[in-house]
Amino acid sequence: MDRTTVALARKEESIGKKVRLQGWVRTRRDSKGGFSFLELNDGSCFGNVQIVADANLSNYESEVKKLAVGCSVTVEGEVLKSPAKGQATEVKASSVIVHGWCDAETYPIQKKGASFEFLRTVAHLRTRTNTFGAVARVRNCVSNSIHQFFQEQGFLYIHAPIITASDCEGAGEMFRVTTIDPAKPPLLDGKVDYSHDFYGKPTYLTVSGQLQGEIFACGMGKVYTFGPTFRAENSNTARHLSEFWMIEPEMAFYDLYDNMTLAEAFIKRLIADALAKCPEDMAFFAERIDKECLKRAESVLKTSFLRVTYTEAIDILLKSGKTFEYPVKWGMDLQSEHERFLTEQHFKNTVILHDYPRTLKPFYMRVNDDGKTVRAMDVLVPGVGEIIGGSQREERLAVLEERMRETGLDPTHYWWYLDLRRYGTVPHSGFGLGLERVLLFLTGMANIRDVIPFPRTPKSAEF
RNA sequence: UCCCCGAUAGCUCAAUGGUAGAGCAACCGGCUGUUAACCGGUUUGUUGUAGGUUCGAGUCCUACUCGGGGAGCCA
C-alpha cells in the first residue's frame with residue numbers, strides 16, 4: 001500500500017488504487033446506516049479528501065465517531081469515484097488509526113468564523129486553516145519561481161551576510177548585534193567601547209544585501225540574493241515587517257532600461273507560475289479574500305508596464321485638477337495618495353516611475369547628465385503600491401565619492417565599495433523585491449502579517 | 001512615531017449609568033450519502049490592565065497594554 005497525499009487521492013486517476021493517507025481531520029459528519037464522513041487534509045493541496053468510514057471498522061464506535069477538528073489520523077483504504085457532488089473521489093476506509101486526539105473544548109481552531117487577528121495569536125495552529133494553508137502554498141510556489149527564473153537566465157545565487165558592519169545607505173534603523181552584557185558594558189570615556197564587542201566594532205543585522213550583490217556582480221556578471229532582511233523602523237502598518245524576505249538581483253553591464261525589462265519579466269513570471277501551479281488556492285483567494293485578485297493578476301500579466309519619469313508624473317498630478325493632501329511640486333517625494341492616483345485612477349496599470357530628483361535618493365544611484373536626477377526606478381502595482389525599488393548604480397569613482405560626502409557619509413568606510421569603481425568599473429544595475437509584497441498582491445490578503453509564517457513587528461515577536 | 005477607532009463567553013458580536021445576552025462552538029439526545037449538514041435541549045463570564053468619578057460603571061474620566069484603519073519610513 002502506497003503512502004500518498006490528499007492532492008493525489010483527489011484526482012480521478014487515483015480511482016481504484018489502495019492508498020495510505022495521513023493528515024488532520026477537518027470535520028466529521030455522521031450519516032445514515034451508521035457510517036461517517038471524515039474530511040481529511042494533509043497540506044498537500046487546498047481541498048480535503050472525503051473519507052467514508054463504515055460502522056464495521058473495529059474502532060468505529062470507540063474512536064471514529066469521536067473524531068473531530070484537529071485530530072491526526074492514518075487512513076488506509078481504496079479510492080472510489082464519489083457518487084455525490086462536491087468531489088471527484090472519496091476514500092473507503094479499511095482502517096483508521098488515530099495518532100492524536102484534539103480536545104474540541106480547548107482547541108482554538110474551529111470550523112468557522114475566526115478573524116485573522118485572532119489566528120495571529122495562535123500562529124502555531126493557523127497553518128491548519130484554509131487561508132493559511134493556501135498562503136503557505138502560494139508562498140512556496142513564488143519562492144520556487146524566483147530561483148527557477150534566475151537560474152534559467154544564468155544568474156548566480158549568492159548568500160549575502162546577515163550580520164554587517166556597514167551602516168549602509170540609510171535604509172532605516174538597524175538592529176544591533178552584540179554580545180556585550182547590557183548590565184555592565186565596557187566603557188571608554190563614558191561611552192560603550194565596541195572594541196570589546198564580539199567583532200571588535202559595532203555590528204548590525206543587514207538591511208539589504210545590495211552592496212555585497214554589487215561585489216559579486218562586478219566580477220561574475222549576473223547574481224541575485226534571496227534572504228531575510230531586517231529593519232528596526234517603528235513602522236505600524238499592514239505593509240511593513242521588521243523581518244521580511246527580499247530578492248535582490250544585481251547585473252553588470254545593465255543600464256536602467258535593462259533593469260526595468262528584467263523587473264517586468266520577473267514579476268510576470270511569478271504571477272504566471274502562481275496562477276498555473278496554485279489554481280485551487282488562487283480561486284479560494286478570489287472567492288473569499290479579495291474578489292479582484294485574480295482579475296488584477298491577469299491584467300498585470302497581459303499589459304506592458306508603463307515607463308514614466310518622475311518629472312512626467314509630477315506633470316500629470318499637477319494637471320489632474322485633483323486636490324491632494326500633500327500639494328504636488330517638483331522635488332517632493334511622492335506620497336501614497338499620489339502613487340495610488342497614478343496606478344489606480346490615471347493609468348489603471350502597473351507603472352515604473354524613474355529618474356527621481358537626486359535629493360530624494362541614496363548616494364549609490366547614478367547621477368543623470370542633467371545633474372538634477374538619478375537613475376532610480378520604483379515599480380508600482382495597483383492595490384499594493386511600491387513592490388520594487390531599484391536603480392542603475394553610480395560607477396564613476398569621483399561622482400560616487402562626491403555623492404557620499406553630499407549625503408554625509410565617510411568614503412573611507414566604504415573603501416571596498418569604492419574599489420569596485422577604482423578597478424575595472426562597469427555600468428551595473430539592480431533592484432529589490434519584497435517577497436511579502438508580492439504575496440499581498442497575489443492573494444489579496446490585507447495584512448502583511450498574514451502572508452509570512454511568523455511575523456515580526458514592533459512589540460511582537462511571538463512563536 | 002502621529003491621528004482616529006476598538007478590546008464583553010472558546011470564536012463572532014449585542015447590551016439609555018440600574019439583575020451581562022444572542023449566534024456559532026462544546027456537551028446530551030434525535031434524524032440523516034453527508035458537503036460550513038440539520039432539529040431539540042444543556043453549559044459557558046474577574047466585561048484587556050491599573051486607578052478615578054458615582055448610591056451604583058461593560059457603559060463616564062485618566063494612564064497603560066494589545067489590536068484595527070489612516071499617515072510617515074520603505075520592500
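The figures here come from the full heavy-atom set of this structure, side chains too, leaving out hydrogens, waters and symmetry mates. In the text below, chain A, chain B and the rest are named by the order of the sequence lines, each starting its count at 1.
When the side-chain nitrogen and oxygen atoms of Arg288(A) are compared with OP1 and OP2 of rA36(B), none of them lie within a distance under 4.0 Å. For rG70(B), the OP1/OP2 oxygens have no side-chain nitrogen or oxygen of Thr237(A) closer than 4.0 Å. An OP1 or OP2 oxygen of rU12(B) is reached within less than 4.0 angstrom by a side-chain nitrogen or oxygen of Ser115(A).
You'll find that the side chain of Arg29(A) is closest to rU35(B), out of rU35(B), rC11(B), rG67(B). If you check rG67(B), rU34(B), rA75(B) against the side chain of Phe37(A), the one that comes closest is rU34(B). When each of rG69(B), rC66(B), rU34(B) is scored by its nearest atom to the side-chain atoms of Asn447(A), the top-ranked nucleotide is rG69(B). Nearest to the side chain of Lys459(A), among rC73(B), rU32(B), rC66(B), sits rC66(B). Distances were taken from every side-chain heavy atom of Arg239(A) (C-beta onward) to each of rC11(B), rA37(B), rA71(B); the shortest belongs to rA71(B). Side chain of Ser336(A), nearest nucleotide from rC74(B), rU35(B), rG72(B): rG72(B). Residue Arg449(A) has its side chain nearest to rG67(B) when only rG67(B), rG72(B), rC66(B) are considered.
Nucleic acid contact class of Pro108(A) (heavy atoms, under 4.0 Å, all strands): none.
Scored by the salt bridge (charged side-chain N to carboxylate O under 4.0 Å, His left out) test, Arg296(A) finds Asp290(A) as partners (sequence neighbours excluded).
The residues Lys268(A) and Glu264(A) are annotated as salt-bridged, a charged nitrogen and a carboxylate oxygen being separated by less than 4.0 angstrom. Salt bridge Glu280(A)/Arg10(A): present, at least one basic N to carboxylate O contact under 4.0 Å. A salt bridge does not link Glu250(A) with Lys222(A): none of the charged nitrogens is closer than 4.0 Å to a carboxylate oxygen.
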Kindly give the atom pairs (protein nitrogen or oxygen, nucleotide nitrogen or oxygen) under 3.5 Å for nucleotides 26-30 of chain B.
| from | atom 1 | to | atom 2 | distance (Å) |
| --- | --- | --- | --- | --- |
| rA26(B) | O2' | Glu105(A) | OE1 | 2.8 |
| rA26(B) | O2' | Glu105(A) | OE2 | 3.3 |

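Spacing between atom CG of Leu334(A) and atom P of rA71(B) amounts to 14 Å, rounded to whole angstrom units.
Toward the 5' end of RNA chain B, the nearer of the two residues Ala84(A) and Thr457(A), judged by each one's closest nucleotide, is Ala84(A).
Taking atom C1' in both rG72(B) and rA22(B), the straight-line distance is 42 Å, to the nearest Å. Spacing of P atoms, rA7(B) relative to rG40(B), comes out at 32 Å, to the nearest Å. Here, rG58(B) and rA20(B) have their C1' atoms 8 Å apart, quoted to the whole Å. The separation of rA26(B) from rG45(B), taken at their C1' atoms, amounts to 16 Å, rounded to a whole angstrom. rC73(B) and rC13(B) have their P atoms separated by 32 Å, given to the nearest Å. Distance check on atom C1': rG21(B) versus rU59(B) gives 15 Å, rounded to whole Å.
Residues of residues 4-20 of chain A that place a heavy atom closer than 4.0 Å to RNA chain B do not occur.
The base of rU1(B) has none of its N or O atoms less than 3.5 Å from a complementary donor or acceptor on the side chain of Glu233(A).
The CD atom of Gln50(A) sits 10.5 Å away from the OG1 atom of Thr27(A) when rounded to the nearest 0.5 Å. If you take OG1 on Thr5(A) and NZ on Lys11(A), they are separated by 8.0 Å, rounding to the nearest 0.5 Å.
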